[in-house]
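Keep in mind that this is a model prediction, so the values were computed, not measured. Letters A, B, ... mirror the listed sequences (proteins, then strands); counts begin at 1. Reckoned from all heavy atoms, side chains included, excluding hydrogens, waters and symmetry mates.
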Amino acid sequence: MSYFLNRFLKDSRRRLNQIIIAIHWIKVTGWVGAAGAVVILAARAFGWTVAALGIWLILIAIGGLVGVVMGWRYRLDMSAAARWVDDYQRNAEAYSAALVCLGRNCSEPLDELVVERAEILAGNPSAIRWPTRYLIRKAAITGGLLLGALVIVLWNPPPAWNLSRYIIPSQTTDSVLDIPRQNIDRLEQQRITRELALQYFPKDVKQTFYRFIWKNRNLPDFRRTAEAALTRNGVPSEYDDFVRAYFLELSREIKGNSPESEDLK
Amino acid sequence: MNRIKKENTGTEFIMNIRDKIEGLRRVREQITSVIVGQDEVIDLILIALLCEGHILLEGVPGLGKTMMVRALADSLTLQYSRIQFTPDLLPADVIGTSIAIQDERGNFNLQFEPGPIFANLVLGDEINRASPKTQSALLEAMQEQAITVRGVRHLLPRPFQVLATQNPLEMEGTYPLPEAQIDRFFFKILIKQPSEAELVSIIDRTMGAAVPSAKAVLDVEELRSLQQVVREVVVPPHVASFAARLVLSTQPEQENVSPQIRQFVRYGAGPRGAQALILAGKAKALTMGRFNVSMDDVQQLACPALRHRIALNFDGQSEGIRVDDLLQNIVNSLPIDLNRPTGI
């Protein structure tokens with residue numbers, strides 16, 4: 001085989017086989033990576049994150065090796081590479097025919113003419129755009145899948161339905177119950193206030209009393225005072241007078257009027 | 001035909017081949033100077049001539065079939081004859097007969113008088129008008145390249161090519177050729193009506209004072225030499241495989257054929273079709289100055305080589321299915337290389 005023809009066909013065959021092997025490598029790596037990510041997610045449920053990640057990476061490496069072996073099996077021989085180039089360049093099967101002639105040592109009358117034509121073409125070959133589009137597409141999809149799997153494995157926080165935690169922690173309980181507890185205190189204060197108002201003060205003071213309580217929200221003081229008064233057997237007159245005086249004072253501060261004024265009626 | 005010996009091929013041989021291929025191009029120029037607008041038909045006739053294949057021409061009257069064959073004969077210095085087939089034409093009118101000749105002593109001897117079939121190029125007009133007996137006489141001569149009269153075998157001249165025409169208009173009173181006989185034709189060529197520009201050119205050329213005619217540019221020996229070289233053209237294995245798969249794809253009983261073939265075709269092409277494809281591909285390559293058959297050669301010759309070897313069933317005929325459309329679909333869908341890996 002002439003130098004140019006031999007070099008051109010060998011180079012073409014090498015490039016095509018590299019692409020074929022790369023396609024199989026990427027394909028198998030992608031499949032193994034995707035399947036392995038599912039296993040990772042299941043293993044994390046038992047807290048085996050680091051070990052599962054290591055196994056995943058090893059599986060991907062093995063898958064890549066298997067892909068390379070598969071691609072090696074599907075690699076092109078010289079005549080298949082020649083057919084590919086003939087089809088791409090649309091040169092009327094020049095290289096395929098030349099290989100046929102060279103295979104029989106140019107023993108037929110026209111063989112040398114066929115080889116001569118192929119040699120001329122190989123000496124000045126037109127540029128070939130090697131078929132990497134499929135390979136790039138596969139690589140992009142596989143890379144995206146593996147990256148997505150990696151993100152899911154490394155960055156996803158432990159899920160709330162983690163089986164090792166059955167009980168809500170006490171801090172959470174306290175914070176959760178604070179608000180109802182505050183509301184209960186407030187409701188309790190309202191109840192005591194209302195009862196005291198009904199029990200100890202004449203009706204004409206009730207309205208002022210209610211307005212004052214809600215406006216100033218001074219319930220804690222009043223509650224303490226009222227509780228102290230209620231804990232004694234009945235209501236002693238001195239506390240009764242104290243509570244009354246207290247509220248009269250408070251009402252005066254609001255309106256600046258005595259309880260006998262028009263507002264208190 | 002004798003093979004070309006390798007030791008006889010050298011620079012001189014190559015130069016001669018190239019000269020003869022150039023001569024073929026001059027023949028084409030001569031014919032196209034006489035016939036307007038039938039370039040593809042002329043190319044196919046030249047290919048069939050190189051392959052010593054017989055042609056079935058189909059077209060309405062007046063498209064220049066006779067003139068085309070005469071121009072071909074003139075440019076190649078071939079003997080030319082025309083047979084107008086009629087229902088009353090007898091086989092002896094085609095192949096010849098023995099007639100009684102009186103010699104000087106007054107004795108009568110039977111002497112074979114060759115018929116019009118004894119020519120290099122025979123144009124058989126309206127072959128479907130002849131009776132089956134007369135048709136078979138012609139077809140037998142085509143197959144055997146010889147005729148036998150009263151036990152005596154008479155060889156036909158070489159090269160010998162029959163161009164038979166069928167008139168698609170008048171089907172009444174005709175005897176359509178049986179499919180088995182049609183299969184013996186190398187090509188079936190459809191001759192189309194000329195376009196307006198072509199028609200104007202025809203009027204200009206033929207209605208003037210000077211009527212164009214072809215000049216001899218290649219002799220018989222050179223043509224015979226080219227016919228020998230055609231068979232030496234190289235066929236890559238995947239091209240032969242493609243031709244075989246193409247022919248098998250026309251057979252409805254095969255697996256993996258298209259639903260259209262299974263539905264509309266009664267029977268498909270056979271081994272003669274594959275032989276015609278490859279041999280025609282070799283001739284086509286040679287006319288283009290190449291010495292190996294390409295995939296394009298086989299694809300472009302699929303219709304002329306196979307259209308008459310495929311028979312439609314009743315469904316196909318009633319639906320108006322065209323065999324050329326079926327063939328084109330097969331050519332477009334058949335993979336060129338079965339072993340190509342995915343992705344390249």
Side-chain angles (χ1 to χ4, degrees), chain A residues 12 15-24 26-27 70-71 73-77 79-88 90-118 128 130-139, chain B residues 1-18 20-21 225-226 228-243 278 281-300 334-344:
Chain A
S12 304
R15 286 174 183 265
L16 289 170
N17 285 337
Q18 284 171 352
I19 293 171
I20 290 169
I21 291 171
I23 287 172
H24 281 85
I26 284 173
K27 208 187 292 188
M70 284 176 63
R73 285 186 58 209
Y74 285 107
R75 71 190 191 284
L76 302 179
D77 59 13
S79 58
R83 282 201 299 276
W84 189 92
V85 177
D86 284 336
D87 188 32
Y88 179 86
R90 301 194 67 80
N91 60 18
E93 332 309 315
Y95 298 122
S96 303
L99 285 180
V100 169
C101 299
L102 289 166
R104 55 190 187 203
N105 294 323
C106 296
S107 58
E108 300 295 329
L110 300 180
D111 287 0
E112 286 175 3
L113 291 169
V114 173
V115 173
E116 180 189 328
R117 179 169 170 255
I128 296 179
W130 300 102
T132 52
R133 194 188 299 181
Y134 182 81
L135 172 64
I136 291 171
R137 195 166 72 231
K138 276 286 175 189
Chain B
M1 181 177 289
N2 295 328
R3 289 206 62 190
I4 298 171
K5 291 191 175 55
K6 179 72 169 73
E7 54 269 22
N8 293 341
T9 62
T11 310
E12 194 179 332
F13 169 77
I14 294 169
M15 294 297 294
N16 283 339
I17 290 296
R18 295 197 194 278
K20 286 163 189 166
I21 292 173
S225 171
L226 278 171
Q228 233 179 342
V229 172
V230 159
R231 293 189 169 257
E232 301 290 349
V233 172
V234 177
V235 183
H238 68 288
V239 175
S241 165
F242 180 82
I278 291 297
K282 289 186 175 191
K284 187 170 192 300
L286 199 64
T287 59
M288 298 179 75
R290 275 186 284 112
F291 300 102
N292 65 271
V293 183
S294 73
M295 204 62 81
D296 281 346
D297 294 335
V298 172
Q299 289 173 333
Q300 288 168 15
L334 208 58
I336 291 173
D337 190 350
L338 284 178
N339 298 323
R340 181 173 292 189
T342 313
I344 62 165

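The choice from A/I23, A/V100, A/L113 that makes the most heavy-atom pairs within less than 4.5 Å of chain B is A/L113. With chain A as the partner, the residue from B/I336, B/D296, B/N292 showing the most heavy-atom pairs under 4.5 Å is B/N292. Ranked by heavy-atom pairs under 4.5 Å with chain A, the list B/A285, B/P236, B/P237 is led by B/P236.
Both the backbone and the side chain of B/V233 come within contact range of chain A, with heavy atoms under 4.5 Å apart. Neither the backbone nor the side chain of A/R133 comes within less than 4.5 Å of any heavy atom of chain B. Of the atoms belonging to A/R83, heavy atoms from both backbone and side chain fall under 4.5 Å from chain B.
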Margin query: Is there a salt bridge (charged side-chain N to carboxylate O under 4.0 Å, His left out) between B/D297 and B/R290? Walk through the geometry before answering.
Written below: CA-CA 11 Å; B/D297 294 335; B/R290 275 186 284 112; 3.0 Å; yes
Next item on the list: Show your reasoning for whether side-chain contact (heavy atoms from CB on, under 4.5 Å) applies to A/W84 and A/I128.
Entry: CA-CA 11 Å; A/W84 189 92; A/I128 296 179; 3.8 Å; yes
Next item on the list: Check the pair A/S107 / A/N105 against side chain to side chain donor-acceptor pair (under 3.5 Å), numbers first and verdict last.
Entry: CA-CA 5 Å; A/S107 58; A/N105 294 323; over 6 Å; no
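Across every non-hydrogen atom of A/Y95 and A/A82, the tightest pair is CB-CB, 3.9 Å. Closest non-hydrogen pair, B/A240 versus B/I278, comes out as CA-CD1, 4.0 Å.
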